Enquirer: 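Before we start, here is the structure in question, set down as structure tokens.
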Amino acid sequence: MNPYLELSPEVKQALSDNRPIVALESTIISHGMPYPKNMETALQVEQIVRENHAIPATIAIINGILKAGLSKDEIHFLAKQGKAVIKTSRRDIPFLVSKKLNGATTVASTMIIAQMAGIKIFATGGIGGVHRGAAESFDISADLQELAHTPVAVVCAGAKAILDLNLTLEYLETNGVPVIGYQTAELPAFYTRQSGLKVDYQLNSPLEIAQFLQCKWDLNLNGGVVIANPIPEAYQMDYQQMMHTIDEALLEAKKMGIKGKESTPFLLEKIALLTSGESLESNIKLAFNNAALAAKVACELVKIK
Ligand code: PSU
Ligand code: MN
């Protein structure tokens, strides 16, 4: 047993009973949304996983312990502390553990901890990717390298248009990461269903997705899979307006010299401000939608195994 890892009693039981589990990240809680919306959202996402017959395992680092499955109090703590909780990607984990600190896990580190726990399916809002201007800045999210190596499937609404989606797809292709579109042939762009780019494969049911995952891992083709689930029609934002807003947010970030790990949270916050909170509402709705799909895939996967 891994002495650094602690499973909640419920997650532990679910694992030993081979019941479906969905991992959830915590950077979206501490750095992705304001309090108390972040707490309400995190709890609702867990509820939606349950309504779809799976067990939620929200992941974070608490006092240096890698946790899979949090109590309501722990989620409340992460939400309330917000940016005081360190945004933790792969490189940060040993620092937090050795110093016994609190960390909100990104897609990358949530995948790592899910894999340690034995959880295969993970739902979030959007993955990190290759940033616009990466040819100069070298800003490529560690999420992509994690997807290259760690066998966890990530259900997301694509990647935000703050990124260079075309380069993100190229990077994933080079690293052998399949990008599946759920009931779509087009890569969704987080706030919108369209991006003008194609996914690798369209699959139309949770069962087909589970079969795909099982084959990939049976074949020892290690690494993750991106399952891109478009935001429901009713909640998507206007594409042109979003492009303007994103340009404005990017310009502001440049002026203020924002870079590195601050970049994504800064842009999210700026976009929420510029859209008077509309982007935040979309973000919440797509997270719900992803949690439901992830739970359905998790249910199919345990039946196959
Ligand atoms: N996308 C969102 N909301 C988020 C994030 C991404 O819509 O909160 C977070 C995720 O935790 C993701 C991280 O893993 O940002 C990527 O950060 P970076 O670009 O610094 O790797
Ligand atoms: Mn980055």
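Just so you know, ligand 1 is whichever comes first in the structure, and atom 1 is the first atom listed for that ligand. Predicted model, so just to flag it, every value in this text is computed and none were measured.
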Enquirer: Transitively linked via ILVMFWY side-chain contacts under 4.5 Å: L207 with V155?
Expert: no

Enquirer: Determine whether the side chains of T106 and E25 contain a donor N or O and an acceptor N or O closer than 3.5 Å.
Expert: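 Side-chain D/A pair, T106 to E25: absent.
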
Enquirer: What I want to check is whether the side chains of Q240 and H244 have a donor and an acceptor closer together than 3.5 Å.
Expert: no

Enquirer: Would N283 and E281 count as having a side-chain donor-acceptor pair, cut-off 3.5 Å?
Expert: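 No donor-acceptor contact under 3.5 Å links the two side chains.
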
Enquirer: Quick one: do I65 and I29 end up in the same hydrophobic cluster if we chain Ile, Leu, Val, Met, Phe, Trp and Tyr together by side-chain heavy atoms under 4.5 Å apart?
Expert: no

Enquirer: Would you call E10 and R50 a salt bridge, using N to O less than 4.0 angstrom?
Expert: yes

Enquirer: For D17 and Q13, does a side-chain donor sit closer than 3.5 Å to a side-chain acceptor?
Expert: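 Yes.
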
Enquirer: Between the protein and ligand 1, which nitrogen or oxygen pairs come in under 3.5 Å, and how far apart is each?
Expert:
from     : atom 1 : to   : atom 2 : distance (Å)
ligand 1 : 1 (N)  : G126 : O      : 3.2
ligand 1 : 1 (N)  : K160 : NZ     : 3.0
ligand 1 : 7 (O)  : K160 : NZ     : 2.9
ligand 1 : 11 (O) : E25  : OE1    : 2.7
ligand 1 : 11 (O) : E25  : OE2    : 3.3
ligand 1 : 14 (O) : V107 : N      : 2.8
ligand 1 : 14 (O) : D143 : OD1    : 3.3
ligand 1 : 14 (O) : D143 : OD2    : 2.7
ligand 1 : 17 (O) : K87  : NZ     : 3.1
ligand 1 : 19 (O) : T264 : OG1    : 2.8
ligand 1 : 20 (O) : K87  : NZ     : 2.7
ligand 1 : 21 (O) : S141 : OG     : 2.7

Enquirer: Flag the pair R132 and D247 as a salt bridge only when some basic side-chain nitrogen lies within less than 4.0 angstrom of an acidic carboxylate oxygen.
Expert: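 Counted as a salt bridge, because a side-chain N and a carboxylate O are separated by less than 4.0 Å.
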
Enquirer: Could you tell me whether E186 and R193 have a side-chain N and a carboxylate O separated by less than 4.0 Å?
Expert: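 No salt bridge links E186 with R193.
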
Enquirer: Is any protein N, O or S atom closer than 2.8 Å to the Mn ion (ligand 2), and if so, which?
Expert: D139 OD1

